[in-house]
Amino acid sequence: MSHPPNHPPSRSEEFEEDYYSQEPSRDVSGEKLKRLLHNLVGRWHWIALGLILGFLGATYYVSKAPKKYTATATLLIKQQTGSVMVRDQVDEIDLRSQEAMNTVAERIRRMDLLERVASRQDIRELPGLVPRAVDWQPLWLRDRLGNGTPEDGPSSAAPPPPAALGGMISQWMNISIRQGTRLLDISMTHPVPEVSKALADGVAREYLAEIAGARTDVRRDSIEVLEKRSEIARTSLQTAGGALASYARAIEVHERLDAKEAETTTLQRRYLPKHPTMAAASAELAQLQKQFLQEFDVARLSAIDKAYWDIAVKSLPDRETEPDAFLRMARQQLLARIGTLQSEIASSTSVFNSMLTQIEQSGVNQEGAESSAEVSSLARVPGRPSAPDATQIRATGSVVGLGTGLALALLLIRLDNKYHTVAQISGETGTNVLAAIAAIHPRHLETAEGDYRKQFPDQPEDPNTGWDERLVFRPGTSTTSYAEMYRVLRASVSLLGDETRRKITLFSSAIPGEGKTSTSANFALAAAGQGRRTLLIDLDLRKPSIHHTFGLPRDHGQGGITECLANQVAFEDVVIRNTGRENLHLILSGKRAPNPGELLDIERLKVILTRAYNEYDMIVLDTAPILAVPDTRIIAKLAHNVCLVVRAEYTPKAAVRRVLEIMEQDGTPPSGIVFNAFKEKRRLVGENYSYGYYQTSKHGRSYGTYGSYGENGDDDPSRKSRRNKRRKKADVSS
């Protein structure tokens with residue numbers, strides 16, 4: 001092959017493309033929900049902390065909150081049936097209805113009634129009437145500060161004015177109606193049992209006194225109305241009787257006149273007008289008519305009924321011209337007036353007698369009428385506190401704490417802008433994770449090296465003392481789980497396709513500081529340890545680090561990739577073959593280039609990489625961060641395997657997404673992600689696809705006997721020694 005292909009797709013990529021093209025669309029909402037649940041489980045400690053703090057806060061509240069006692073006085077509200085009522089007075093409220101019972105309850109809650117209770121001397125003299133203020137400070141803090149007050153015993157504070165005390169009683173009071181009855185409970189809750197009883201009884205009695213006084217006022221008003229009406233009826237009766245008495249003589253003469261007229265009519269049938277008997281009768285009749293007119297004039301001119309006749313006399317005919325008609329009309333009007341007066345006298349007499357009867361009944365009702373309310377039962381001094389309910393408060397506190405912890409966990413998830421687990425970065429980016437590299441602790445590596453020297457004191461000293469401490473393929477450290485993680489990366493890259501066609505592996509990152517240089521260096525060491533001829537090239541021309549990693553000078557006297565790109569030095573002259581590790585060669589960056597962007601010519605790079613492609617089994621490129629400079633985007637087109645290093649809990653998610661977009665647009669999508677420097681956490685086991693049993697011990701060694709994927713060149717002498725000891729022991733036992 002004359003030159004490296006321009007990023008050809010591997011067999012695995014072709015297979016994945018065909019496979020996923022036939023896969024139905026994924027349930028995005030289900031994936032998001034699953035990811036949210038995973039994140040919540042990962043932050044279970046916040047939820048647990050909220051639950052614990054909520055429970056502890058509720059427990060502390062229960063320990064500090066004063067005990068409260070509830071006393072209840074019960075009133076029986078009865079239907080009013082025996083009240084004294086006048087005919088035009090409206091009916092009372094039907095106390096059998098629920099609305100009426102609610103009205104009674106609201107009337108008991110009135111502030112003026114509670115102020116009257118608060119102004120009673122027996123209430124104001126109750127010990128501990130005003131509760132002591134609660135000191136929420138812990139006892140140890142109160143004792144240390146010395147600013148607390150004892151919480152035992154009733155308060156001796158003077159009661160406030162009735163208006164303020166009435167407001168406090170309103171807060172302590174609760175009124176409830178028993179379902180299906182006319183019983184009304186007045187409950188008082190107070191820290192002192194005796195005070196709660198006295199207040200409940202005081203309110204009940206004050207309300208009964210109020211309605212008793214109101215009932216007495218109503219009866220008094222009713223009697224006054226009855227007395228006024230009876231007086232009117234009596235006055236009307238007296239007036240009508242006096243007027244009727246003034247007509248007594250006129251009535252008497254009128255009766256005699258009627259009798260004489262009847263007698264004269266009878267004589268007219270027997271005698272002629274000139275007969276002496278007839279003449280005498282006619283003379284007596286004329287005399288009675290004259291006498292009637294005289295008495296009529298006396299009666300109508302009397303002052304007692306003069307107002308009536310001043311109007312009625314206008315309808316009489318003229319007395320001089322029509323004497324007979326005048327007499328006839330006078331008699332008719334007299335009889336009509338007498339009938340009217342007799343009717344008025346009868347009506348007034350009936351009304352007067354009725355008023356007298358009602359006044360007598362009112363006097364009886366005022367003493368023995370049935371009350372509309374009475375005390376069904378007075379309050380008793382409570383023996384057990386009604387509050388606080390420790391179980392309910394602790395349950396409420398736990399629920400609130402759990403909700404707060406859950407809300408905090410959701411908030412942290414929303415604000416979290418970093419990747420923490422393999423599952424998280426794989427699920428959110430949709431990119432394959434080649435390997436997860438744990439955060440390297442140099443102390444673990446030092447411990448492992450010390451144990452190795454103690455176990456094999458005859459082994460020569462490591463000549464590569466200038467290597468960076470994060471290079472894990474050294475005597476004593478190559479058996480640690482750190483080295484195994486890079487072997488996993490080596491295996492993952494080798495499985496991307498045919499190794500003879502995919503030799504060039506590029507390592508980059510989104511931003512600086514993600515560990516791409518240490519990853520590429522350890523990957524190169526892992527490949528060299530498998531017996532492959534490996535070339536590590538430092539193509540980060542702006543901030544090179546490979547020379548620091550291996551403890552070499554940047555220029556190295558022979559030049560580097562900078563001089564090679566500038567055609568100043570030949571390829572074979574810039575290769576460092578004596579690196580202290582078999583099969584590993586290096587090309588450093590060389591001198592600082594004034595124009596790195598222009599120096600990275602695509603054609604010149606092809607020539608250099610084609611030469612390396614023909615001479616080496618593995619070419620590893622350490623390049624610049626993609627978002628910082630455009631250099632890597634040029635180089636990536638020539639690489640077979642593009643590995644994006646993402647540092648756990650460091651790289652912003654937006655930066656990773658942007659890099660993936662850029663690489664997709666450039667036609668160089670990454671082969672996979674190297675999740676670097678993650679920290680194994682028990683609460684996230686399974687999310688990192690973690691090594692679990694193979695995690696690093698406190699001495700830097702891996703638990704179990706988990707070795708490298710390939711043992712054809714990098715096996716550690718310590719492992720050989722342990723294997724030989726087991727074989728000898730087996731031979732002796734056999």
Inset, instruction - Grab the two heavy atoms, one from Leu114 and one from Val203, that are nearest each other, plus how far apart they are. - result: CD2-CG2, 4.2 Å
Inset, instruction - Report yes if the side chains of Glu210 and Arg107 come closer than 4.5 Å at any heavy-atom pair, otherwise no. - result: yes
Legend entry - Neighbour count >12 (heavy atoms, 6.0 Å) for atom CZ, Arg109: yes
Legend entry - Closest approach of Ala409 to Leu40 (non-hydrogen atoms, all atoms of both residues): CB-CD2, 4.0 Å
Legend entry - Minimum heavy-atom distance Pro66-Val134, with the two atoms named: CD-CG2, 3.5 Å
Legend entry - Minimum side-chain heavy-atom gap Val646-Val674 below 4.5 Å: no
Inset, instruction - Enumerate the residue pairs fulfilling side-chain hydrogen bond (donor to acceptor under 3.5 Å, both in side chains) with a member in residues 200-209, sequence neighbours excluded, ordered by first and then second residue. - result: Arg116-Glu206, Lys197-Asp201
Legend entry - Side-chain donor-acceptor pair present, His441, Tyr482, cut-off under 3.5 Å: no
Legend entry - With Pro382 via side-chain contact (heavy atoms from CB on, under 4.5 Å) - residues at least two apart: Tyr69, Ala71, Pro193, Ser196
Legend entry - Test item: Lys64 side-chain N/O and Asp135 main-chain N/O as donor-acceptor pair under 3.5 Å: yes
Inset, instruction - Tell me, please, which residues at least two apart from Thr429 pass side-chain hydrogen bond (donor to acceptor under 3.5 Å, both in side chains). - result: none
Inset, instruction - Carefully, step by step, assess Arg443 and Glu446 under the rule salt bridge (Lys or Arg N to Asp or Glu O under 4.0 Å). - result: CA-CA 5 Å; Arg443 179 172 53 85; Glu446 292 176 2; over 6 Å; no
Inset, instruction - Can you measure from CD1 (Ile425) to CD1 (Ile673) and round to the nearest 0.5 angstrom? - result: 4.0 Å
Legend entry - Nearest non-hydrogen partners of Leu129 and Pro159, listed with the distance: CD2-CB, 4.0 Å
Inset, instruction - Taking the side chain as every heavy atom from C-beta outward, state whether Pro652 and Ile511 have any atom pair closer than 4.5 Å. - result: yes
Inset, instruction - Tell me, please, which residues at least two apart from Tyr650 pass ring-ring contact (aromatic ring centres under 6.0 Å, His included). - result: none
Inset, instruction - For Thr651, check side-chain hydrogen bond (donor to acceptor under 3.5 Å, both in side chains) against everything at least two apart and list the hits. - result: Glu514
Legend entry - Atom pair CG (Leu434) and OG1 (Thr519), whose distance is rounded to the nearest 0.5 Å: 11.5 Å
Inset, instruction - Would you name the heavy atoms of Ile175 and Leu184 that are closest together and state the gap between them? - result: CG2-CD2, 3.4 Å
Legend entry - Nearest-0.5 Å distance, CZ of residue Arg120 to CG of residue Leu199: 9.5 Å
Inset, instruction - Please tell me if the side chains of Asn102 and Glu106 come closer than 4.5 Å, counting only heavy atoms from C-beta onward. - result: no
Inset, instruction - Go through the structure and list residues passing side-chain contact (heavy atoms from CB on, under 4.5 Å) with Thr404, not counting sequence neighbours. - result: Val400
Legend entry - Heavy atoms of other groups near Gln179 CD, more than 12 under 6.0 Å: no
Legend entry - Listed once per pair and sorted, the side-chain hydrogen bond (donor to acceptor under 3.5 Å, both in side chains) pairs that draw on residues 389-398, sequence neighbours left out: Thr59-Arg394
Inset, instruction - Answer yes or no: is there a donor N or O on one side and an acceptor on the other, between the side chain of Asp185 and the main chain of Ser187, under 3.5 Å? - result: no
Inset, instruction - Could you grab the distance from atom CD1 of Ile393 to atom CZ of Phe55, nearest 0.5 Å is fine? - result: 12.0 Å
Legend entry - Positive for side-chain contact (heavy atoms from CB on, under 4.5 Å) with Arg43, one of Asp416, Leu410, Leu408: Asp416
Inset, instruction - Please examine the side chains of Thr189 and Ser386, heavy atoms only from C-beta on, and report whether any two atoms are closer than 4.5 Å. - result: yes
Inset, instruction - With sequence neighbours left out, write down each residue that passes side-chain contact (heavy atoms from CB on, under 4.5 Å) with Leu411, or none if nothing qualifies. - result: Leu415
Legend entry - Any donor-acceptor N/O pair, Ser481 side chain to Glu484 backbone, under 3.5 Å: no
Inset, instruction - Say whether, by atom type as modelled, one donor and one acceptor occur between the side chain of Ser170 and the main chain of Gly166 under 3.5 angstrom. - result: no
Legend entry - Contact check, side chains of Thr72 and Thr74, non-hydrogen atoms, under 4.5 Å: yes
Inset, instruction - Could you tell me which residues satisfy side-chain contact (heavy atoms from CB on, under 4.5 Å) with Pro162, sequence neighbours excluded, listed by chain and number? - result: Ala118, Ser119, Arg124
Inset, instruction - Return yes if some donor-acceptor pair links the side-chain N/O of Arg182 with the main-chain N/O of Leu76 below 3.5 Å, else return no. - result: no
Legend entry - Aromatic ring pairing Phe675/Phe678, orientation class (parallel under 30°, perpendicular over 60°, tilted between): parallel
Inset, instruction - Please list, chain by chain and in numerical order, all residues satisfying side-chain hydrogen bond (donor to acceptor under 3.5 Å, both in side chains) with Arg470, sequence neighbours excluded. - result: Asp468
Legend entry - Euclidean distance, Met173 CE relative to Thr70 OG1, rounded to 0.5 Å: 13.5 Å
Legend entry - Interatomic spacing from CG in Leu644 to CG in Leu660 - rounded to 0.5 Å: 6.0 Å
Legend entry - CA sep, side-chain torsions, deciding dist, call: Met168, Val130, side-chain contact (heavy atoms from CB on, under 4.5 Å): CA-CA 9 Å; Met168 298 170 67; Val130 180; 4.2 Å; yes
Would you give me the side-chain donor-acceptor pairs under 3.5 Å for residues 344-351, sequence neighbours excluded?
from   : atom 1 : to     : atom 2 : distance (Å)
Ser348 : OG     : Ser236 : OG     : 3.1
Ser348 : OG     : Glu344 : O      : 3.0
Thr349 : OG1    : Ile345 : O      : 2.5

Inset, instruction - May I have the step-by-step check of side-chain contact (heavy atoms from CB on, under 4.5 Å) for His444 and Thr480, ending in yes or no? - result: CA-CA 9 Å; His444 292 173; Thr480 61; over 6 Å; no
Legend entry - Ionic contact status for Glu428 with Lys653, cut-off 4.0 Å: yes
Legend entry - For the student: nearest non-hydrogen atoms of Leu75 and Ala204, plus distance: CD2-CB, 3.9 Å
Legend entry - Residues forming a side-chain hydrogen bond (donor to acceptor under 3.5 Å, both in side chains) with Asn417, sequence neighbours excluded: none
Inset, instruction - Answer yes if the ring centres of Tyr60 and Trp136 are under 6.0 angstrom apart, and no otherwise. - result: no
